[in-house]
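Only one structure is covered here, and it is reproduced in the block below.
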Amino acid sequence: MRELEAKAPLETPGDLERRTTLDPSDWRDFSRNAHEILDDLIAHVESIRQRSVWQPAPEDTRARFTRSLPREGRQIADVLDDVRAHVMPFATGNLHPLFMGWVQGAGTPIGMLAELISAGLNMNCGGRDHIGIEVEQQIVRWMREAFDYPEDATGLFLTGSSMANFLATVIAKVDAIGDATRETGLRSASRELIAYTSKASHGCIAQAMQVSGIGSANLRLVDIDASGALRTDILQDMIAIDRANGRQPFLIVATAGTVNTGAIDPLPEISMIAEGEGLWFHVDGAIGALAIFSDKLRHLVKGIERSHSIALDFHKCGQVPYDAGFLLVRKGEVHKRAFAQSSSYLQRADRGLPAGETWPCDLGVDLSRGFRALKTWMTIETLGAERLGASIAHTCELADYLAKCVRQSKAFELCVQPTLNIVCFRVRGEDDSINRELVLDLHESGIAAPSWTEIDGKCVIRCAIINHRTTRNDIDTFLSALESLLEKRLNP
Ligand SMILES: *Cc1c(COP(=O)(O)O)cnc(C)c1O
């Protein structure tokens with residue numbers, strides 16, 4: 001050990017020419033550059049409100065990223081200047097309090113710091129005995145606790161809920177027709193497998209059916225009520241018809257927070273139907289699951305604790321930086337049976353680095369994985385579940401406020417009373433195109449960034465208020481900007 005600690009001799013110029021390591025030759029210079037960019041980033045987030053929500057990248061900036069592969073490197077200071085000039089000003093905009101497009105988290109400074117630490121440690125969290133695995137298990141334990149899942153429930157970080165929903169579909173398939181399906185595919189099924197979800201479910205549910213080999217033609221899209229929630233009477237009928245026709249219902253995917261309107265399917269009723277029919281009950285909680293952190297909102301997701309699995313996104317309402325999707329599975333043993341493999345190069349031992357029985361790579365298709373758990377742990381540890389829950393509740397109050405303002409306005413009409421933090425409305429008495437144009441006008445103005453979607457075949461302006469920085473004032477600013485842009489379009 002002593003010898004290892006001895007200082008390496010200083011490098012001579014000749015050594016420098018022959019350097020093969022990729023570490024900096026001047027650590028002090030590196031440190032100075034690193035501190036400068038960190039300060040710039042902190043200032044960037046602190047002053048986010050003073051900038052445009054979004055601006056398109058100019059041609060010379062786009063041209064910077066069309067160069068050919070560099071043979072030689074450049075000074076770190078030069079590269080960081082490029083980042084300052086050509087990357088930082090042209091980001092998506094989702095940090096800004098008036099970003100309301102799609103459903104995107106805003107991140108936090110603590111999450112930013114966590115990413116720096118993760119990258120510095122550069123751990124591969126696919127498996128083995130190291131602290132990254134323990135940190136991930138802490139989140140698994142917290143999610144078991146939050147959703148009242150049993151001790152043997154398993155959890156796994158993934159890119160996002162799209163992947164989590166896909167994995168859940170595969171696990172439900174293995175549970176329905178047995179492990180043999182891993183080798184023989186759908187030949188293991190004696191009857192056609194059928195899954196159910198609502199018409200308002202996210203497109204990734206249909207994609208999960210496609211990629212799992214079952215096929216999206218075997219996904220029944222159940223009608224929704226006026227709030228956008230799945231109609232259980234119709235679900236029940238559809239299951240009965242499929243059984244009468246000799247098919248095998250195996251999975252119901254309920255949504256807690258639909259992507260278009262934030263509606264929540266009736267989870268307690270769906271759980272009873274799933275139980276009565278012997279079906280896997282999965283909840284796509286990408287938007288709504290973390291409402292469990294809020295005393296005010298928790299009742300909305302009642303019944304989620306009776307599910308077989310839950311997909312959720314820490315990177316949306318949880319404000320953890322991208323990406324941080326998560327899957328929780330009640331029967332950990334089924335989860336493992338769906339994915340675990342035995343490979344000579346991944347053998348376990350009872351000591352040393354290869355220790356540990358179940359590794360994350362046994363629970364999904366990723367082998368190499370980053371340390372998504374650290375930014376989630378640091379976010380929850382620093383802010384606490386209560387404060388995170390309160391920030392979600394606040395976004396829901398803002399959605400109610402916006403809905404109220406829209407209802408009172410002469411220019412706009414509300415499409416659906418919001419359940420969570422998504423508000424959809426349109427210009428009164430005008431066609432689809434003006435709604436779309438208004439959204440784009442707003443983007444280009446740099447003032448705000450909502451998106452649009454379709455409800456009942458009509459284009460509507462959609463505000464997903466996911467950002468913890470948004471205030472009532474911002475909602476007022478947004479509406480008055482929208483009104484004056486509308487005025488300009490109607491009376492040019
Ligand atoms: C965002 C979303 C998804 C997809 O999640 P990703 O994290 O983007 O992969 C799935 N379902 C719903 C309801 C969503 O809002």
Side-chain angles (χ1 to χ4, degrees), residues 92 94 99-107 111 143 155-170 195-212 216 219 221-222 224 227-230 251-265 267 270 282-292 300-301 304 307 309-328 364-366 369-370 372 375-376 392 395-396 399 416 418-424 450-455 462-467:
T92 329
N94 53 323
F99 184 96
M100 303 166 178
W102 303 275
V103 175
Q104 299 198 14
M143 291 303 106
L156 185 74
F157 272 98
L158 293 153
T159 41
S161 284
S162 303
M163 282 304 286
N165 287 322
F166 167 59
L167 261 63
T169 304
V170 172
Y196 306 82
T197 193
S198 94
K199 282 187 168 155
S201 68
H202 195 273
C204 68
I205 308 300
Q207 200 178 41
M209 290 291 283
Q210 291 169 357
V211 183
S212 65
S216 47
L219 178 67
L221 297 177
V222 185
I224 51 179
S227 80
L230 179 144
L251 165 69
I252 306 173
V253 179
T255 308
T258 58
V259 61
N260 270 347
T261 68
I264 299 174
D265 290 342
L267 305 177
I270 294 173
H282 173 71
V283 177
D284 176 4
I287 299 175
L290 291 179
I292 203 95
L300 291 173
V301 292
I304 197 170
S307 58
S309 51
I310 303 170
L312 62 92
D313 274 332
F314 289 110
H315 57 220
K316 286 179 179 168
C317 298
Q319 311 297 337
V320 171
Y322 285 95
D323 46 42
F326 193 82
L327 174 67
L328 189 66
V365 287
D366 292 317
R369 312 164 65 239
R372 297 185 184 105
K375 57 193 173 183
T376 308
I392 301 172
T395 61
C396 296
V416 189
T419 309
L420 286 168
N421 42 18
I422 299 175
V423 186
C424 294
S451 56
W452 71 70
T453 186
E454 268 178 30
I455 293 183
R462 169 165 165 276
C463 295
I465 307 170
I466 306 301
N467 195 313

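Remember, it's 1-based here, ligands and their atoms both numbered in the order they're listed.
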Does the side-chain contact (heavy atoms from CB on, under 4.5 Å) test come out yes or no for Val283 and Thr255, once each step is laid out?
CA-CA 6 Å; Val283 177; Thr255 308; over 6 Å; no
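Under 4.0 angstrom from ligand 1, the non-hydrogen atoms of Asp284 all belong to its side chain. Under 4.0 Å from ligand 1, the heavy atoms of Lys316 that appear belong solely to its side chain. Contact annotation: for Ser161 versus ligand 1, heavy atoms closer than 4.0 Å belong to both the backbone and the side chain. Contact annotation for Ser201 and ligand 1: no heavy atom of the residue comes within less than 4.0 Å of the ligand.
Here the shortest heavy-atom pairing between Ser161 and Asp284 reads CB-OD1, 4.3 Å. When all heavy atoms of Phe326 and Met143 are compared, the closest pair comes out as CE2-CG, 3.7 Å. Nearest approach of Cys463 to Pro450, heavy atoms of both residues: SG-CB, 4.0 Å. Shown here for Ala311 and Asn165, the closest heavy-atom pair between the two residues is CB-OD1, 3.2 Å.
Just one of Arg372, Lys375, His315 meets the side chain to side chain donor-acceptor pair (under 3.5 Å) condition when paired with Asp323; it is Arg372.
Considering only heavy atoms from C-beta on, Leu156 comes within 4.5 Å of Arg369 through its side chain. Taking the side chain as every heavy atom from C-beta outward, Thr376 and Phe157 approach each other to under 4.5 Å.
By the 3.5 Å distance cut-off applied to N or O atoms, Asn165 is not counted among the residues near ligand 1. On a distance-only criterion, His315 and ligand 1 share at least one N/O pair closer than 3.5 Å.
Residue contact check for ligand 1: Ile287 places a non-hydrogen atom closer than 4.0 Å to it. Using a 4.0 Å heavy-atom cutoff, Gly257 is listed among the residues neighbouring ligand 1.
Distances below 4.0 Å separate heavy atoms of Ser162 from the following atoms of ligand 1: 4 (C), 5 (O), 6 (P), 9 (O). In summary, the atoms of ligand 1 found under 4.0 Å from a heavy atom of Cys204, numbered by their order in the structure, are 10 (C). Residue Gly160 has at least one heavy-atom neighbour below 4.0 Å for each of these atoms of ligand 1: 7 (O), 9 (O).
Of the protein's non-hydrogen atoms, the one nearest atom 7 (O) of ligand 1 is Asp313 OD2, 2.7 Å.
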